[in-house]
Each structure stands twice: as C-alpha cells, then as structure tokens.
Asks: 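Quick one: this structure, given as structure tokens, is what I'll be asking you about.
Each chain gets a letter, A, B and so on, in the order the sequences are listed, and its residues count up from 1.
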Amino acid sequence: MTDTASRPDTGTSIPDRPSLEGLEDKWDGVWSEQQLYAFDPGTTRDQVFSVDTPPPTASGSLHVGHVFGYSQADMIVRYQRMRGKNVFYPLGWDDNGLPTERRVQNYFGVRCDPSLPYDADFTPPQEGGDNKSSKAANQLPVSRRNFIELCERLTEIDEKSFEEVFRTLGLSVDWNHSYQTINAHSRATSQRAFLENLEADQAYQSEAPTMWDVTYRTAVAQAEQEDRDRDGAYHRLGFTRTDGSGSTVVIATTRPELLPACVALVAHPDDERYQDLFGSTVTSPLFGVEVPVLAHSLAQPDKGAGIAMICTFGDANDVTWWRELELPTRSVIGRDGRFLPEAPWISTPEGQALYSELAGLTVFSAQKRVVEMATESGDLTSEIEKISHPVKFYENGDKPLEYVTSRQWYLTNGGRDQSEGGLRDDLIARGKELTWHPAYMESRYRNWVEGLAGDWLISRQRFFGVPFPIWYAVGADGETDYDTVLTPPVESLPIDPTIDVPAGYEEAQRGVPGGFVADPDILDTWGTSSLTPQLAGGWNSDPELFSKVYPMDLRPQGHDIIRTWLFSTIVRSHLQQDSLPWTHASINGWILDPDRKKMSKSKGNVVTPIGLLEQHGSDGVRYWAGRARQGVDTAFDEGQMKIGRRLAIKILNASKFALGFGDAPADPAGRLAADPAVVTDPLDRALLAQLGKVVEQATVAFDDMDYARALEVAEPFFWAFCDDYIELVKERAHGNSASGEAGAASARAALAIALEVQLRLFAPVVVFATEEVWSWWRGGSVHTQSWPVAEPLFEAAAGQDASLVASVAQAAISVRRIKSDAKVSQKTPILSVRIVASPTVLAHLEAAAADLTALGRIESLELVAGETDEIITEDIELGEPPVKAPRNKG
RNA sequence: GGGUCGUUAGCUCAGUUGGUCAGAGCGCCUGGUUUACACCCAGGAGGUCGGGGGUUCGAGCCCCUCACGACCCACCA
C-alpha cells in the first residue's frame with residue numbers, strides 16, 4: 001500500500017469516451033487472477049476482519065433482495081480492507097435440505113426411496129427438466145445414496161451460476177474459502193457438533209407429540225412454522241352426562257373429526273356454569289366413549305362454548321392439558337395424515353362401526369363424514385358457525401400441521417430451561433452482548449427467545465441432509481433399545497449410519513436381535529447452517545485458521561431470519577464455544593415492491609438480478625443498495641439505480657477531465673497524490689479543507705458500519721466538485737489566468753489530490769468505475785489502498801477556511817442565474833456586474849475573483865460589501881451571445 | 001392482545017446530543033450543443049415535517065395520546 005506515492009511508468013491510457021460497459025468482466029478477471037481478496041493466513045487475530053456471510057440456498061433463485069443485502073455487507077467489508085484489515089470473507093452455499101430435494105426431483109425426474117439398493121451405474125431418466133407438473137408417480141424411485149449424488153451434482157451446477165452473479169456484482173469474496181453445507185467437511189463438522197452436544201447433555205431424544213407435516217412426512221420445528229388464516233367453523237356437539245339425568249353438555253369445536261380422539265372435557269375452575277360437572281364423566285356422541293370433565297386454568301370461559309373437548313391432539317392446548325392432567329393418548333391421525341385403522345378404546349359396536357368408516361380417510365374427508373354422522377344422529381345441536389381462524393402450517397407446506405406422537409431429537413435452546421440464570425437468560429444476555437446494526441433489532445431477537453415454547457426439534461424425517469451419526473442397539477427381543485445410543489469416533493466422521501457400521505458390530509447384525517439399527521433421520525437444515533462460523537472458519541479441520549477468524553467480526557443478514565439463522569447460530573456457539581459467534585450483526589431490510597409488500601417468489605413479483613446488473617451496471621445497482629440504511633425496508637426503485645449509474649459515469653468523465661490538465665508534481669511525503677506545497681490558491685486550499693471534513697465524516701460513519709451515511713456525505717461533495725470547483729478552476733488550470741503557472745500548478749495539484757481521495761471514498765460502493773479510473777493513473781488496485789485520512793488534507797489547506805468554497809459556489813449560481821433569467825447561453829459574456837455580499841463572503845469572492853470572472857466570462861466585476869446574507873447581483877450589462885456553431889455533431 | 005419500526009415536497013428518502021432543519025435526488029417547468037460528460041449543463045417552482053395535546057425562551061427532533069402502514073410474537077374450544 002505504499003504505491004500511492006509513486007507514479008506508474010506505464011498505465012492504461014485514458015480512453016476517449018470512458019464507458020461502464022464491460023468493466024465488471026474486466027475487473028473481476030483481474031481481481032481473480034491477482035487473488036486480490038484472498039485471505040492472508042499469516043497475520044494475527046487482531047489484524048483480521050472476518051465475516052460470516054449468509055450462504056444462499058443453492059437450489060433457490062437469486063433475487064434482488066440478495067443483491068441488496070450482499071452489496072451492503074460488501075461495502076462494510078471493503079472499508080475494513082482499506083483500513084488495513086486482513087479480511088476473511090468466505091461465501092458458502094446452503095445446499096442441504098428440502099429445496100434441493102424438490103429441485104432434484106423435478107430436474108432429474110426421480111424420487112428417493114431409502115429401501116432401494118445403491119446403483120453405481122445409475123443414469124437419471126432426464127436432465128434439465130424443470131416441469132413442476134412432474135408427478136411423483138412419474139418419478140423414478142432411486143436409493144438414498146443415488147439421490148444424494150444427484151443432489152450434489154445439481155448443486156454444483158447451481159452454485160456455479162450463482163457465483164457468476166456475485167462476481168458480476170463485485171463482491172470482494174475470497175472464493176478460495178467457499179463452503180457447502182452438504183459436503184463431507186460440513187457433514188463431519190455438523191456431526192461432530194451434534195455428538196458433542198449429546199455428550200454434554202445438550203441434545204436429547206424424547207417421544208412426544210410434535211408438529212408434523214403430512215405431505216413431507218416430517219416433524220417441523222417452531223421456527224419453521226407460520227400461521228395462515230383459514231376458514232373454519234364451530235360445530236356444537238352434545239356430550240351426555242353419565243349421572244342418569246340424560247342431560248347434555250355442549251362443546252364447540254372446529255375439529256369435529258377429532259371427536260373419536262377425545263380424552264376429556266375441560267373448563268375453567270372458576271367457571272360457575274360447570275362447577276357441578278367437575279369430577280363427573282360424560283360420554284361422547286357417536287362413539288360413546290366415557291371421558292371425565294376436568295378443570296384447568298388454561299380453559300377460557302369466553303371462548304367457544306366455554307368448555308372444550310381435549311383431543312390427542314388438536315392444538316398446543318391439547319398437548320398441555322394432556323400432559324398436565326395426565327390423560328391417555330388416543331391418536332387417530334397417522335403420519336400420512338389419514339385416519340388410523342384402529343381405535344381400540346371405542347367400546348361400543350355402534351361406535352366401532354362408525355369409526356371404521358373414518359379409517360383411511362384424510363382429515364378433510366373425515367371431518368365431512370363426522371359432521372354428516374352427527375347431523376343424522378342429532379348430536380350436532382345447532383347451526384354450524386363459520387369463522388376464520390389462524391392455523392399452523394409448515395412454511396413450505398400447503399396442508400395444516402397435525403400433531404403426531406413420535407420419537408425425536410431435541411437440542412437445548414432455552415425454550416425449556418426458563419429458570420432464573422438458566423439457558424434462556426444466558427441467550428438473552430448474548431443478544432445484549434452483540435452489537436446490532438441497527439440497535440433496535442436486538443429487541444426482535446429477545447422477543448423471539450422469550451417466546452420460545454420448547455427446545456429445538458432438530459430431527460427431520462427426510463433424505464438429503466446430514467444424517468444423525470448414531471445407531472441404536474437392538475435387544476435380544478428384536479426391539480430397538482433407544483436408550484443405548486451407539487456413536488462413532490470423531491475421526492471417522494462424516495458417517496452415514498445406514499451404510500456405516502458401529503464399532504464392534506458387523507453389517508450382518510443390522511436390524512437383527514442383538515444387533516443394531518441406524519437412526520434414519522437427518523438433522524434440521526438449520527442444524528448445519530447454524531454452524532457457518534465453524535464451517536467456514538475450519539473448527540473441525542484447521543484449528544489455526546479457526547483461532548484467527550473466530551469469533552467472527554460481522555454477521556450480515558436479513559431481519560426475517562433473526563429468529564432462525566441468527567438465533568440458532570448464537571445457540572450453537574454458546575453451547576460449543578461458550579462465546580458469541582460474532583461481535584457485530586448488520587441487519588438489512590427487505591425489498592418492497594411498489595405496493596409496499598415484500599418481494600417474494602410466491603407473490604410472483606421478483607425481478608432477476610442479472611438483468612438489473614446488465615441494465616444499470618453493477619455500480620448502479622450497488623449504489624441503490626448503498627443508499628438504503630441498515631434494517632430499513634426499501635422500495636425497489638430502478639430510479640435509484642439510474643442515479644447510481646450516472647454517478648459511476650460521472651466519476652469516469654470527471655476523472656478523465658481532471659487528469660487532462662497535465663501532471664502535478666509528486667508529494668515528497670507520499671501521503672497525497674500531488675505535492676501539497678504547490679497548492680497555494682485560496683480556493684484550492686479551501687476545497688481540500690472541505691474534503692478533509694468529508695473524509696472525517698465518512699470515516700466516522702463507516703466505523704459505525706453506516707455505509708449509507710458515508711455515501712451520503714461523499715456524494716454531494718463530488719457533484720459540487722464537478723459542477724462548481726472544476727468549472728471555476730478550468731481556465732486557471734489550463735494556464736489562462738493572471739496567476740500564470742503558479743496558479744495552474746496549484747489547481748492541477750488540488751485536482752489530483754481531491755480526485756484521488758474521492759476515488760478511495762467511493763471505492764467501497766462504486767467498485768468498478770473507481771478501479772477503472774485508478775488504473776489509468778495509479779498503480780495497483782484502489783481496493784487495496786488505504787482509506788483516506790483527513791490530516792494531510794488539512795495540512796495542505798494551510799488554515800484556509802473551507803467555507804470559501806461555498807461562498808464562491810453561491811456567487812457562481814448568482815452569475816449563472818443572470819444568464820438563465822435572460823434565457824441566453826452561459827457562454828454569453830457579462831460586460832459588467834456588481835456583486836454585493838457580506839464582508840466575510842466578499843473576502844472569499846475577492847480571493848477567488850479571477851476564477852469567478854473566468855467562469856462567468858465577466859469583463860468588469862465590481863465587488864461591494866453590504867449588510868446582506870445573500871449574494872446580490874446588480875447593474876448587469878450583458879454582451880452579445882456567441883454565434884451559434886452549426887450543428888454537425890454525430 | 002404484546003413487541004418493534006415507520007408516517008417530512010408528486011415519488012424515493014436525509015435531517016446524528018432540541019436553537020440557519022425545512023433539505024437532497026428523481027419527476028415537473030424554463031433555458032442552454034458550455035470540445036469531461038446529452039448516460040449532459042444551468043436556473044426555477046413545490047412541504048402548516050400524519051392529527052391532537054404537553055414540556056421549553058424555542059420542537060420533524062423530547063413526553064403523552066390518537067390515526068394509518070409494515071413486520072415479529074401470541075391467539076387457533
């Protein structure tokens with residue numbers, strides 16, 4: 001970084017017509033070849049700035065939101081690099097999980113059938129298909145291993161095309177350190193972390209009712225659930241009292257099909273209406289099952305009928321009541337979402353006959369049938385009352401979640417341990433320890449942690465993911481002994497327990513009495529994604545690297561995944577390393593379409609990023625991202641991209657012009673682009689003083705990771721530099737001024753200094769145009785220069801007051817207005833004019849009078865002090881407009 | 001119902017500890033081919049800072065309240 005002082009012997013010459021076209025490819029190629037953004041493993045931790053970047057879902061599509069968020073992070077990173085940090089900036093791919101499974105199914109026309117054997121010579125039936133219509137029936141069943149191989153093949157293709165977009169965007173990622181959440185390294189890391197959690201009693205298995213997606217046939221964690229409003233209806237059903245009175249107790253339910261799964265009725269203990277019922281029993285309509293009437297404070301007197309039927313299981317309250325009131329389990333819904341064949345607790349023949357009609361039906365059909373039955377029998381006591389109510393769905397699913405009792409693995413996340421000073425408190429404290437940008441995002445995190453209802457359900461009944469690295473012993477009776485968990489040694493990871501065999505066993509013992517069985521499940525995709533700092537930092541493979549980059553400095557991400565990715569990453573680091581995973585979190589907002597809705601694929605209003613990059617240039621698109629503040633949802637606005645493109649073009653053109661006046665002598669101290677000693681003109685000095693202030697402000701902003709503020713400071717200065725300063729000093733810089741060679745040298749040196757500093761100020765945002773200009777003129781890359789500092793600029797200003805620039809610019813506007821008002825060309829000479837201004841401003845104008853008269857083509861200028869805050873022009877005498885040259889351009 | 005953010009010119013947004021803070025860009029209007037830039041330049045018009053209270057010598061900026069918008073959580077008998 002010492003090459004700022006030396007002038008290159010050779011350089012790219014300045015083009016006649018500078019253009020943005022092709023700069024992305026050109027510079028990406030150069031940077032890549034020079035390994036400009038490669039991490040240097042040789043430095044110490046305090047010199048490193050490490051970033052835990054969001055790994056995009058490789059099988060999804062990149063959308064404009066990605067471009068937005070990644071650009072913002074890149075600006076922060078580039079600033080840190082210019083501050084001399086050794087940047088560790090990897091980018092991974094999240095290629096593990098359901099989205100990949102679905103894409104592979106469509107692309108290759110296959111589906112996974114774990115019961116099939118591996119076929120080493122397998123060729124998929126199709127390639128490149130993307131027809132959503134391909135039905136499961138038309139998909140060729142393949143073994144799990146074949147399926148996973150196809151997943152790996154396809155993700156490689158997808159990742160390549162994503163990388164192209166990110167390179168075009170100008171992200172300063174170190175591609176040598178990219179990672180995948182499904183490759184062997186990640187599987188080993190994820191499995192090791194799980195085994196250590198198991199060892200530390202942070203992971204445990206439990207057989208319990210869990211939210212279950214009947215389409216994907218997998219358990220679903222709280223973080224993956226969402227509410228959707230669905231039409232429903234209260235059905236009022238009468239239960240018969242068993243005291244011989246024959247009277248009925250009416251309950252209201254939106255799930256009448258769960259009537260056969262009823263285990264009790266419940267009302268609030270203080271509810272006057274049901275006091276005499278508590279402790280008694282009633283029989284259910286249709287099925288004639290005798291159930292108790294119980295009291296529990298969770299029952300709400302004002303809801304439904306005020307008394308509810310408890311079924312196993314209709315909702316979260318049912319689970320609570322079932323557990324706390326120690327009720328039996330009467331499950332009717334199977335893992336496929338259909339009614340189970342048997343309901344042995346129904347004792348009456350009539351009840352059994354009715355139930356047999358439900359067996360095998362979907363929830364939807366069963367509800368219809370039960371309502372018909374109850375209507376026929378007269379048990380449905382009144383009209384059905386239609387309502388709209390929220391129903392829980394898996395975020396990727398389209399059928400409501402059901403409760404299914406199953407054995408699952410859990411990881412502690414504070415949802416269960418809510419004791420004073422327990423895990424939940426620890427995790428809330430971690431949130432406070434983290435520096436959030438913007439700060440208020442911390443409350444979203446805390447909100448989520450405080451609202452957790454249970455531990456993290458981490459097992460999934462899917463295929464493409466990281467397998468649980470465990471087996472269970474099989475007893476002599478042939479029953480799986482879930483309490484005897486067999487684990488592999490860490491050195492053997494990654495393993496697939498359905499293929500590998502635990503120590504001390506032979507393959508022949510798989511599934512036989514006295515043998516072993518594999519855990520068939522895979523880890524939640526977040527179970528691996530939550531380890532991105534460990535994956536990228538080499539926790540399981542490169543301890544030396546890990547010690548230099550972890551905990552990382554920055555996690556950039558969207559606010560929508562604070563509850564998932566951010567939270568789960570904090571959980572894993574807290575459990576594994578007893579540390580925060582990073583010190584700063586930069587939270588970007590969403591992109592909203594013109595209707596102020598989040599742009600998302602499902603809403604069909606997504607714009608593809610590559611088209612935007614081509615149309616507006618990467619610098620233009622980055623500018624749009626750079627103008628948006630952290631955390632703030634931002635309108636998708638191509639107008640902003642056009643402005644960004646304009647800025648980038650202006651940088652090219654203004655640079656070309658400013659460099660065209662001739663050389664300025666080099667700075668002997670090597671701190672500036674030209675020798676500050678020759679900057680003697682007051683206007684030039686004032687400009688550098690003003691630029692010094694801009695540098696100070698931009699630095700303060702960037703130190704706070706506020707790229708938007710930094711850009712907001714640099715941008716107006718640059719436009720004023722172009723429109724006012726350059727225009728004012730043009731003639732002088734050419735040597736056409738009374739100040740002669742000294743005045744010209746001063747202007748040229750100031751232009752060089754100011755231009756060079758501004759290129760560095762813009763480099764984090766306008767990456768391609770600044771690099772292009774740098775290459776015309778300076779050695780090396782602008783992106784590895786040091787961030788500018790204000791002190792040499794102030795020294796060069798030699799005490800000149802920066803406000804002189806503003807005074808002269810104001811006067812320039814007044815002079816121009818004379819011609820605008822007269823509707824004549826700005827080239828029209830002013831034969832004479834008197835300018836009246838306050839004494840302070842007047843002194844400024846006197847100091848720059850020669851430049852001002854050159855700008856305005858003023859032949860006779862009179863400057864007069866007056867008691868005014870404005871700049872007044874009077875006694876104006878305009879000359880003849882210049883003769884128009886014939887139009888012969890183009 | 002709980003929480004968070006927002007409401008400033010037609011549009012997109014700045015306005016950092018209350019005292020040139022009423023701003024920028026776009027759009028609009030009027031001019032101008034000014035050899036760096038027509039992917040341009042110059043000039044101009046536009047707002048009772050969501051409503052209502054309050055604190056203060058003084059409030060987009062602080063407090064209360066209401067309205068509207070957005071998101072997260074809870075609610076699913």
Asks: Regarding A:Asn317 and A:His296, do their side chains bring together a donor and an acceptor under 3.5 Å, going by distance alone?
Replies: no
Asks: Given atom CZ of A:Arg816 and atom P of B:C41, what is their separation to the nearest angstrom?
Replies: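 In whole Å, B:C41 P lies 11 Å from A:Arg816 CZ.
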Asks: Tell me what A:Arg627 touches on the nucleic acid: a base, only sugar-phosphate, or nothing, going by heavy atoms under 4.0 Å.
Replies: nothing
Asks: Determine the interatomic distance between C1' on B:A70 and the same-named atom on B:C76; round to the nearest Å.
Replies: 24 Å
Asks: Quick one: A:Lys823 NZ to B:C41 C1', roughly how many Å, whole number?
Replies: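 Interatomic distance, NZ of A:Lys823 to C1' of B:C41: 16 Å.
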Asks: Do you know which two heavy atoms are closest between A:Glu859 and A:Pro829, and how far apart they sit?
Replies: OE2-CB, 3.9 Å
Asks: By nearest atom, which of the nucleotides B:C75, B:C26, B:C76 is closest to the A:Ile643 side chain?
Replies: B:C26
Asks: Looking only at the side chain of A:Cys722 (C-beta and beyond, no hydrogens), which of the listed nucleotides B:C76, B:A36, B:U16 gets closest?
Replies: B:A36
Asks: Tell me whether the side-chain N or O atoms of A:Asn653 pair up with the base of B:C40 as donor and acceptor below 3.5 Å, since no angle test is needed here.
Replies: no
Asks: Is there a side-chain contact between A:Gln222 and the phosphate of B:A74, meaning an N or O under 4.0 Å from OP1 or OP2?
Replies: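 Result: yes.
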Asks: Please state whether the base of B:A36 and the side chain of A:Glu727 form at least one donor-acceptor pair under 3.5 Å?
Replies: yes
Asks: What is the distance from CZ of A:Arg646 to C1' of B:A24, rounded to the nearest Å?
Replies: 12 Å
Asks: Please state the C1' separation for the pair B:G6 and B:G43 - nearest whole angstrom.
Replies: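 Each nucleotide's C1' atom is 35 Å from the other's.
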Asks: Can a donor-acceptor pair be found, under 3.5 Å and without considering hydrogens, that links the side chain of A:Thr634 to the backbone of A:Ala628?
Replies: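 It does not hold such a pair.
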